[in-house]
Amino acid sequence: MRACGACDGSSILPGGTMIKLSSSVSELRGVGPRYLKYLEKLGIKTIKDLLWYFPFRYEDFSKIKKINEIEPEEKCSIIGTVKKINVRRTFRKKMIIIEAIIEDSTGQITAIWFNQIYLLKNIPLGATLSLSGKVKRKGRKLILSSPSYEIISRQKLEKKFYQETVHTGRLVPIYSETKGLSSRALRYFIKPLLKLAQNIKEPFPGFILKKHGLMGLQQSLYQIHFPSSLLLAKKAKRRFVFESLLFSQLYLLKIKRKNALLKAPKINLDIPLLQLFTGSLSFPFTECQRKTIWEIAKNLHQRPMNRLLEGEVGSGKTIVAVAASLLTIKSGYQVAVMAPTEILAKQHFNKFKNFLEPFQVKIALLTSSTTKIYDDGLEGKISKQSLNKIIASSNPILVIGTHALIQKNVRFSHLGLIVVDEQHRFGIEQRKKLIAKNAKKNEMPHLLSMTATPIPRTLALAFYGDLDLSVLDELPKGRKKIITKVITPKGRKKVYDFIRQKINKGRQAFVICPRIEETKTSDINAKDLVTLSERLNYEVKAVKKEYKKLSEEIFPDLKVAMLHGKMKPKEKEIVMKDFQENKINLLVSTSVVEVGVDIPNASLMIIEGAEHFGLAQLHQFRGRIGRSHYQSYCFLFSESPQRSITNRLKTLVKCNDGFHLAEIDLSLRGPGEFLGTKQSGIPDLVMSSLLDKKFIEKVHKQAQEILQQDPTLKKWPSLLANFQEFTQKTRRY
């Protein structure tokens with residue numbers, strides 16, 4: 001969601017090169033094929049991309065000192081003359097060391113660099129250098145170890161050179177890098193381009209800048225890359241965050257307005273039918289379910305529905321979807337229910353079939369491996385070709401499936417409602433394909449998206465502003481709180497003994513592992529760890545290894561099975577069927593069971609390597625048990641000695657409220673990790689701002705006010721041009 005200034009203006013760069021914002025970075029001096037490849041790897045193709053590639057932090061080298069003033073372990077900058085420079089090799093490590101004696105009016109200091117032989121050519125004897133780095137003690141001497149450097153001309157020295165430096169003597173920008181492309185190189189390419197900022201039109205009308213105290217675009221570009229102070233860098237960052245979020249909110253709100261004008265199937269508000277449905281169930285609705293079914297029923301009757309239903313694990317989202325589907329089918333329309341996995345699709349087929357049995361609803365299952373139909377109380381297999389013909393006819397039918405629903409040969413004739421389960425697993429393009437399956441092009445099917453991941457309000461506003469929101473934050477009565485404990489390696493045997501006792505009494509257990517194959521600690525990337533700043537020294541439990549250990553060493557007397565995403569669909573189906581029928585005592589699985597799997601008799605869960613998962617995801621795992629009257633137990637196994645991780649896991653011991661855990665998880669892991677969009681291309685500065693609830697609400701309100709004044713945005717041509725550019729680039733996450 002990178003926002004940028006729309007401008008075809010150009011500038012003449014040093015060397016006489018005429019360049020535009022739309023120009024390729026290949027036109028930049030110094031960017032050959034090698035650097036071009038690295039820049040493209042970072043998503044930088046044009047000059048504009050490069051200008052809007054912002055630093056994620058700054059190295060403070062603004063403290064300029066005389067040589068006799070510097071102290072060990074401090075970061076600082078000095079200016080001095082190169083009195084001597086030579087090279088030597090270490091005997092043991094065969095390392096090349098460049099040593100330079102730097103002198104100012106107060107004394108001398110040695111600067112050293114490792115394995116950078118080219119510096120002998122780059123740093124001439126007698127040159128005046130600006131050096132920035134960390135001061136270290138070597139015996140009785142102080143040295144500058146691997147400092148950044150710049151050659152300073154006499155002119156710059158006389159004219160307060162630190163205002164002109166790029167790599168030293170200032171707040172130095174540090175960018176996200178890739179192998180072969182350093183922050184130093186990025187600074188070298190970006191600094192001359194800032195002249196272009198003078199020609200870029202300000203997209204915001206003056207009243208927005210004034211109302212929100214925003215820095216102007218031209219100043220912001222300079223201050224975010226080469227700030228005069230941290231305060232100005234913060235103000236520049238705030239301006240670009242505001243811009244990205246504002247365009248995002250305008251985009252979502254315009255979609256919402258557009259959808260409200262579309263023609264949608266008018267579903268009958270059949271209260272007697274809802275009463276019959278309620279009476280056919282063996283359990284009462286919670287107040288949340290009643291309220292949600294009523295608001296959905298009214299929505300289906302009055303206007304196009306584009307709604308997100310979020311709810312606690314086990315809060316009863318499925319029965320809400322069943323009620324909405326029943327109303328739609330009985331109004332003469334078709335319904336498509338899309339699930340992320342075959343296991344969940346088959347489970348939905350069985351649940352919808354049981355709930356709707358009294359109402360004579362035709363239900364089909366369509367996955368890559370299975371095609372079934374249930375009609376007039378009879379269930380049987382059907383060929384895909386035959387099912388496609390039925391779907392293409394005008395008869396009301398409820399079709400439950402996976403991605404198979406968006407295959408070319410599937411065509412609905414009268415699609416009234418689409419239900420997308422675990423919506424965060426489907427991209428907007430997949431949802432569009434499903435909507436496009438409707439033969440009645442003049443009607444937009446209603447859309448109900450469901451998720452078991454409670455989404456904090458700030459993220460819901462930022463990412464799902466085009467959707468109406470329904471929340472189920474109440475569990476069915478009679479559910480016992482799941483007893484959760486954090487277990488250290490010493491407590492394993494006791495837990496294993498406890499699980500054996502419970503299984504001998506008829507219960508079943510899950511064991512969740514974070515990986516399929518065993519992973520070496522050295523292969524773990526920092527971004528995969530819960531605490532990004534620390535590399536933890538522990539073994540990642542693998543499903544295959546854990547299955548072997550549990551089945552052969554710990555529970556040789558029990559029936560242990562294994563489930564993971566690399567198994568064939570038929571193999572998974574057999575394992576899940578056996579587990580549902582209690583032919584398996586203990587199931588070792590990856591996070592494939594995170595979503596939707598419902599085994600009421602399973603009341604025990606071990607989560608291996610619990611520190612690898614976020615709180616929201618752990619809560620979802622935990623929700624696979626505790627679905628009956630049996631007391632359930634969840635054991636969080638952790639190999640990490642880190643107190644911060646243990647304290648984080650203990651949050652699950654104290655709290656069983658998924659919405660509260662989601663808020664904590666968001667604050668601990670950040671929006672990118674929480675939403676699973678860490679590598680999505682959304683700028684880090686935007687992602688970090690999503691923790692600021694007041695800021696997001698302020699931007700949301702401003703977007704509403706702008707559209708109230710002029711929904712076309714034509715009143716502000718520059719704003720419109722920038723917004724159009726944003727909408728061309730953006731993708732929904």
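For the numbers below, each heavy atom of this structure counts, side chains included, while hydrogens, waters and symmetry mates do not. We count residues from 1, following the sequence as given.
- Contact check for L50 versus L186: side-chain heavy atoms found under the 4.5 Å cut-off.
- For the residue pair T110 / E99, no side-chain donor-acceptor distance below 3.5 Å is found, with atom types taken as modelled.
- Closest non-hydrogen pair, F114 versus S145, comes out as CE1-OG, 4.1 Å.
- Within the 3.5 Å criterion, the main-chain N or O of L171 finds no donor-acceptor partner in the side chain of D60.
- Taking 4.5 Å as the limit, some side-chain heavy atom of L51 sits within range of a side-chain heavy atom of L194.
- Put simply, CG on L467 and CD on E310 are 10.5 Å apart, with the number rounded to the nearest 0.5 Å.
- A donor-acceptor distance shorter than 3.5 angstrom exists from the side chain of S220 to the backbone of G216, with no hydrogens or angles considered.
- Of the candidates C76, S77, P147, S148, L131 forms a side chain to side chain contact (heavy atoms under 4.5 Å, CB included) with just one, namely P147.
- When only modelled atom types and interatomic distance are considered, H700 and Q249 share a side-chain donor-acceptor pair under 3.5 Å.
- For the side chain to side chain contact (heavy atoms under 4.5 Å, CB included) test with L618, the passing option among I512, T651, L652 is L652; the others fail.
- Remark: H212 NE2 is packed, more than 12 non-hydrogen atoms of other residues, nucleotides or ligands lying under 6.0 Å away.
- Rounding to the nearest 0.5 Å gives a distance of 4.5 Å between CD of Q702 and NZ of K211.
- Looking at L42 and Y53, their side chains come closer than 4.5 Å, going by heavy atoms from C-beta outward.
- Annotation: Y175 is not in aromatic contact with F54 [ring centroid separation under 6.0 Å not met].
- If you take CG on L245 and CD on E243, they are separated by 10.5 Å, rounding to the nearest 0.5 Å.
- Of all heavy-atom pairs spanning S183 and E177, the tightest one is OG-OE2, 2.7 Å.
- Atom NZ of K237 is separated from atom CZ of F56 by 12.0 Å, given to the nearest 0.5 angstrom.
- Counting heavy atoms from C-beta outward, I47 and S22 have side chains that stay 4.5 Å or more apart.
- Looking at every heavy atom in both residues, S146 comes nearest to W113 through CA-CD1, 3.8 Å.
- Using bins of under 30°, 30° to 60° and over 60° for the plane-to-plane angle, the ring pair F226/Y222 lands in the tilted bin.
- One N or O on the side chain of R187 and one on the backbone of P173 form a donor-acceptor pair closer than 3.5 Å.
- Put simply, the side chain of I200 reaches to within 4.5 Å of the side chain of L221, judged on heavy atoms.
- Side chains of S718 and E202: a donor-acceptor N/O pair is absent below 3.5 angstrom, by distance only.
- Without hydrogens or angle criteria, R648 side chain to E611 main chain gives a donor-acceptor distance under 3.5 Å.
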Exercise. Do K136 and E73 pass the salt bridge (charged side-chain N to carboxylate O under 4.0 Å, His left out) test, and can you show the C-alpha distance, the side-chain angles, and the key distance before you say yes or no?
Worked result: CA-CA 6 Å; K136 292 189 176 181; E73 300 305 312; over 6 Å; no
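- With hydrogens and angles disregarded, a donor-acceptor distance shorter than 3.5 Å links the side chain of D49 to the backbone of T46.
- With contacts defined as side-chain heavy-atom distances shorter than 4.5 Å, the pair I208/I706 qualifies.
- A cation-pi arrangement, defined by a distance under 6.0 Å to the six-membered ring centre and an angle within 45 degrees of its axis, is present between R184 and Y149.
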Problem set entry | Check against salt bridge (charged side-chain N to carboxylate O under 4.0 Å, His left out), K75 and E59 | CA-CA 9 Å; K75 289 181 180 178; E59 196 76 75; 2.5 Å; yes
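- For the side chain to side chain contact (heavy atoms under 4.5 Å, CB included) with L28, the lone residue among L39, I190, L193 that qualifies is L193.
- Shortest non-hydrogen contact noted between A185 and L181 is CB-CD1, 3.8 Å.
- In terms of heavy-atom proximity, L250 sits nearest to A703 at CD2-O, 3.7 Å.
- When all heavy atoms are compared, the tightest approach of L214 to R238 is CD2-NH1, 3.3 Å.
- Residues E150 and T168 bring a donor and an acceptor atom of their side chains to less than 3.5 Å of each other.
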Problem set entry | Stepwise salt bridge (charged side-chain N to carboxylate O under 4.0 Å, His left out) test for K65 and E71 | CA-CA 10 Å; K65 287 194 164 188; E71 301 286 342; 5.9 Å; no
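- The shortest side-chain heavy-atom distance between W716 and F204 does not fall under the 4.5 Å cut-off.
- The shortest side-chain heavy-atom distance between L144 and V135 falls under the 4.5 Å cut-off.
- Separation of atoms OG (S130) and CD1 (I78) is listed at 8.5 Å; rounding is to 0.5 Å.
- I98 pairs in a side chain to side chain contact (heavy atoms under 4.5 Å, CB included) with only one of the listed residues (I123, I117, I112), which is I117.
- Using a distance-only test at 3.5 Å, with no hydrogens or angles considered, no donor-acceptor pair links the side chain of T165 to the main chain of H167.
- In this structure, OG on S248 lies 9.0 Å from CG on L246, to the nearest 0.5 angstrom.
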